[in-house]
Q: 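Sharing a structure here in structure tokens format.
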Amino acid sequence: MAFFKRQHTPQVDMEHLPRHVAIIMDGNGRWAKRRGLPRTAGHASGAETFRRIATYAKNIGLDYLTVYAFSTENWKRPREEVEAIMKLLEKYLCEAVESMARDRIKMAFFGDLSPLSPRLQALCRETEEISKGYEGFQANICLNYGGRDEIVRAARAYAADCLEGRADPNHLTEADFGAYMFSRGVPDPDLVIRPSGEVRISNFLLWQSAYAEFYFTDVLWPDFSEKELLKAIADYQHRSRRYGGV
Ligand code: FPP
């Protein structure tokens, strides 16, 4: 008797997708190590996974995908690894500039871009500029991003507005303060996914993920497939979101 491994497709209600999915793209280093490859090969493979998942996210009808590409803490990594990630981002954005007219994926960047190379900064600005002409799906890339750093920057900018008389601290609302974040104008993530088996938030979207659902999987980011995304969404669709109510 023959046994066939059944390809189980997660049951997803395509009419009720999360609007905004955020992903901590973790596990590139371990993926490479398991193959006897340098860590940078893991990041290269991770960049391809991002390309694939962003295209799929757009095709199934998500509105926003936000990914953690480089944190404010990632500068502590060996110089060669930081340079390799920056080169990959440059390569990715150069290719994106070429393919955006076809793919129509809007791009935005969350984070302080000023320490990045002038070329990378210019590419970020160029892709954001091109994006202004597009409607629909948006990919947000967190670059030199840290959740605490973002909140501190927002507090500084808000304090400056108070001192200048442009804001009144007695009337500050959460929505007002949210408008000082890098994510201004983008709805909060509904679902935050962390692959690679780590179960922590690592300074990602601290303000925005207050009511997000979290999904953790052991799959390493370079192996993260379209089916893995559907599994995460199917799991999300079984959650009961109460936002503090009953
Ligand atoms: C975390 O894995 C990954 C990073 C810090 C870098 C992510 C960067 C990319 C995927 C490439 C460029 C991105 C885009 C959007 C084109 P890790 O190195 O911490 O893995 P480990 O925990 O297994 O060591």
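Counting starts at 1 for both ligands and their atoms, in listed order.
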Q: Is Arg30 close to ligand 1, meaning an N/O of one under 3.5 Å from an N/O of the other?
A: yes
Q: In terms of relative ring orientation, are Phe204 and Tyr145 parallel, tilted or perpendicular, with 30° and 60° separating the classes?
A: perpendicular
Q: Do any heavy atoms of Lys33 fall under 4.0 Å from ligand 1?
A: no
Q: Just distances here: any N/O of Asn28 and N/O of ligand 1 closer than 3.5 Å?
A: yes
Q: Any luck finding a side-chain donor-acceptor pair between Asp235 and Gln237 under 3.5 Å?
A: no
Q: Considering only non-hydrogen protein atoms, determine which one is nearest to atom 1 (C) of ligand 1 and report residue, atom name and distance to 0.1 Å.
A: Met25 O, 3.2 Å
Q: I need the nearest protein heavy-atom contact for atom 8 (C) of ligand 1: residue, atom name and distance, please.
A: Ala69 O, 3.5 Å
Q: If you measure every N/O of Tyr92 against every N/O of ligand 1, is any gap under 3.5 Å?
A: no
Q: I want to check something: taking the side chain as every heavy atom from C-beta on, are Met107 and Leu93 in contact at a cut-off of under 4.5 Å?
A: yes
Q: With Glu228, which residues qualify under side-chain hydrogen bond (donor to acceptor under 3.5 Å, both in side chains), at least two apart?
A: none
Q: Side-chain donor-acceptor pair under 3.5 Å between Ser202 and Arg194, yes or no?
A: yes
Q: If we only consider heavy atoms of Glu198, is any one of them less than 4.0 Å away from an atom in ligand 1?
A: no
Q: Of the protein's non-hydrogen atoms, which lies at the shortest distance from atom 19 (O) of ligand 1, and what is that distance?
A: Arg77 NH2, 2.8 Å
Q: Taking only residues two or more places apart in sequence, or in another chain, which ones meet Tyr64 in a side-chain hydrogen bond (donor to acceptor under 3.5 Å, both in side chains)?
A: none
Q: Provide the number and element of each atom of ligand 1 under 4.0 Å from a heavy atom of Arg39.
A: 17 (P), 18 (O), 24 (O)
Q: Starting from atom 14 (C) of ligand 1, find the nearest protein heavy-atom neighbour and note its residue, name and distance.
A: Leu89 CD2, 3.8 Å
Q: Starting from atom 5 (C) of ligand 1, locate the nearest protein heavy atom and write down its residue, its atom name and how far away it is, to 0.1 Å.
A: Asn74 OD1, 3.5 Å
Q: Please write down residue, atom name and distance for the protein heavy atom closest to atom 11 (C) of ligand 1.
A: His43 O, 3.7 Å
Q: Run the side-chain hydrogen bond (donor to acceptor under 3.5 Å, both in side chains) check on His20 and Gln208 step by step: do they pass?
A: CA-CA 11 Å; His20 183 176; Gln208 298 83 348; over 6 Å; no
Q: Using heavy-atom distances, let me know which of Trp31, Phe70, Trp221, Phe50 sits nearest atom 15 (C) of ligand 1.
A: Phe50
Q: Tell me yes or no: between the side chains of Ser240 and Arg242, is some donor less than 3.5 Å from an acceptor?
A: yes
Q: Which heavy atom of Asp26 sits nearest to which heavy atom of Pro195, and what is that distance?
A: CB-O, 3.8 Å
